[in-house]
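Following: one structure in structure tokens, then a few remarks.
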Amino acid sequence: MPSYPTSGRFGASTDKPATPAAGRQAPGGTQSTQRLLALLDQFSTDRPTHTVEDLSEAIGVPRSTVYRLVSLLKAHELLEQAGDSRYQLGPKAIMMGYIARSTVDLADIWRPGLEQLAAATTETALVLRRIGDAAVCVDRVECDHPVRLSFDVGKAMPLHTGAGAKVLLSGTPAEARDRYITAAVPAGQQARLRADIETIAIRGWGESYAEVDPGIWAVAAPILQDREGRCLAISVAVPEYRLEAGRREELIEQTRQVAAVLREKLSHYA
């Protein structure tokens, strides 16, 4: 399955509709809303600042439109100037990040297990949370040889691509899960996805090959599914060239073991 692009190279600035590289498009909503969200989605720890030209190419709209969007976001303190020609997230966006982080009241419980998994596997380990119809990375521990992943902390990704996201989808209530699959997944891929979700539910873990990032294999297992709808998964992401004979099975078992311990600890909050 192809990766889920979020940005590209600078190119033409002629008027044109938003391209698929602009990222996820939520069901419904105006074109301006989609563009605002796509623009904000370009800011990450890897790319904390952008020029108007960067944003124009990344979300597939002309520079004149980006200037209008940036002006609106600056007026609401969601963006601010970062030098003469660059922009970064503004104070209100940063405050929203702190508020969101404060709501993750379970981090003190899962963090030791996450660190343990990263140390045991010597690979990047992540905790993912379902928020609405998205999988969001809420914590991440890098290994000594980190890899570039689309699942950056705070980044919202689709629920149907990647091991961690599909584990979250598997734990989503049936009605909401069916609604999501019908709305977000092409008709020709729905049966395969439903079969994957059923397999994950039966065996208690999921894996993926290059579904989000090229050359990356991942395994994930659930660590919380509660009555309030919170759904958390722990995952390990590994370049396929480091999957020598027998290592896949070892990584699956290590992830399952850590997940089982965390599920027990987090069960008091379910």
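Note that the structure is a prediction, hence the values are computed from the model and not measured. What you see below is based on every heavy atom in this structure, not just the backbone, and it leaves out hydrogens, waters and symmetry mates.
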Just jot down the salt bridge (charged side-chain N to carboxylate O under 4.0 Å, His left out) partners of [X], sequence neighbours excluded, or say none.
X: Asp152; answer: none
X: Arg68; answer: none
X: Glu115; answer: Arg111
X: Glu77; answer: none

Side-chain contact test, heavy atoms from C-beta onward, threshold under 4.5 Å: evaluate it for [X] versus [Y] and give yes or no.
X: Leu251; Y: Trp217; answer: yes
X: Leu36; Y: Leu72; answer: yes
X: Leu168; Y: Leu128; answer: yes

Between [atom1] of [X] and [atom2] of [Y], what distance do you get to the nearest 0.5 Å?
X: Leu126; Y: Leu149; atom1: CG; atom2: CG; result: 6.0 Å
X: Glu207; Y: Lys166; atom1: CD; atom2: NZ; result: 9.0 Å
X: Ile234; Y: Leu114; atom1: CD1; atom2: CG; result: 5.0 Å
X: Leu69; Y: Ile59; atom1: CG; atom2: CD1; result: 5.5 Å
X: Arg129; Y: Ile223; atom1: CZ; atom2: CD1; result: 11.0 Å
X: Ile252; Y: Thr121; atom1: CD1; atom2: OG1; result: 13.0 Å

Which donor-acceptor pairs under 3.5 Å do side chains of residues 177-188 form with protein atoms, sequence neighbours excluded?
| from | atom 1 | to | atom 2 | distance (Å) |
| --- | --- | --- | --- | --- |
| Arg177 | NH1 | Ser170 | O | 3.4 |
| Arg177 | NH1 | Thr172 | O | 2.8 |
| Asp178 | OD1 | Arg194 | NH1 | 2.9 |
| Tyr180 | OH | Leu159 | N | 2.9 |
| Tyr180 | OH | His160 | ND1 | 2.6 |
| Thr182 | OG1 | Asp178 | O | 2.9 |

Shortest non-hydrogen separation from [X] to [Y] and the atoms involved:
X: Ala259; Y: Pro222; answer: CB-O, 3.8 Å
X: Glu211; Y: Gly162; answer: OE1-N, 2.9 Å
X: Ala135; Y: Ala165; answer: CB-CB, 3.8 Å
X: Val238; Y: Arg247; answer: CG1-NH1, 3.8 Å
X: Ile200; Y: Gly206; answer: CG1-CA, 3.8 Å
X: Ala93; Y: Leu78; answer: CB-O, 3.6 Å

Does Asp54 pair with Arg47 as a salt bridge, N-O distance under 4.0 Å?
-> yes

[X] side chain vs [Y] backbone, donor-acceptor pair below 3.5 Å:
X: Thr51; Y: Arg86; answer: no
X: Glu264; Y: Ala260; answer: no
X: Arg140; Y: Val127; answer: no
X: Ser56; Y: Glu53; answer: no

Neighbour count >12 (heavy atoms, 6.0 Å) for atom CD, Glu249 | yes

Taken in chain and number order and not counting sequence neighbours, the residues that satisfy side-chain contact (heavy atoms from CB on, under 4.5 Å) with Thr199 are Arg203

Contacts of Glu198 meeting side-chain contact (heavy atoms from CB on, under 4.5 Å) (sequence neighbours excluded), chain-then-number -> Ile202

For the pair Leu39 and Val70, evaluate side chain to side chain contact (heavy atoms under 4.5 Å, CB included) and give the outcome as yes or no after the intermediate values.
-> CA-CA 9 Å; Leu39 188 151; Val70 166; 4.2 Å; yes

Not counting sequence neighbours, which residues clear side-chain hydrogen bond (donor to acceptor under 3.5 Å, both in side chains) with [X]? List them please.
X: Thr255; value: none
X: Arg242; value: Glu123
X: Gln257; value: Glu253
X: Gln81; value: Lys74

Following the transitive rule for hydrophobic clusters with a side-chain heavy-atom cut-off under 4.5 Å over Ile, Leu, Val, Met, Phe, Trp and Tyr, establish whether Leu117 and Val261 coincide in one cluster.
-> no

Please test Leu89 against Leu40 for side chain to side chain contact (heavy atoms under 4.5 Å, CB included), starting from the C-alpha separation and ending with a verdict.
-> CA-CA 8 Å; Leu89 292 178; Leu40 286 172; 4.2 Å; yes

Between the side chains of Glu142 and Thr124, is a donor N or O closer than 3.5 angstrom to an acceptor N or O?
-> yes

Report the C-alpha separation of Trp110 and Val138 in whole Å, then their side-chain angles, then the decisive distance to 0.1 Å, and conclude whether the side chain to side chain contact (heavy atoms under 4.5 Å, CB included) test is met.
-> CA-CA 11 Å; Trp110 78 55; Val138 294; 3.7 Å; yes

Not counting sequence neighbours, list each pair that qualifies as a ring pair (Phe, Tyr, Trp, His ring centres under 6.0 Å) and has a residue in residues 38-92.
-> Phe43-His50

Intermediate values then yes/no, side chain to side chain contact (heavy atoms under 4.5 Å, CB included), Val258 and Gln116 | CA-CA 8 Å; Val258 171; Gln116 176 190 346; 4.1 Å; yes

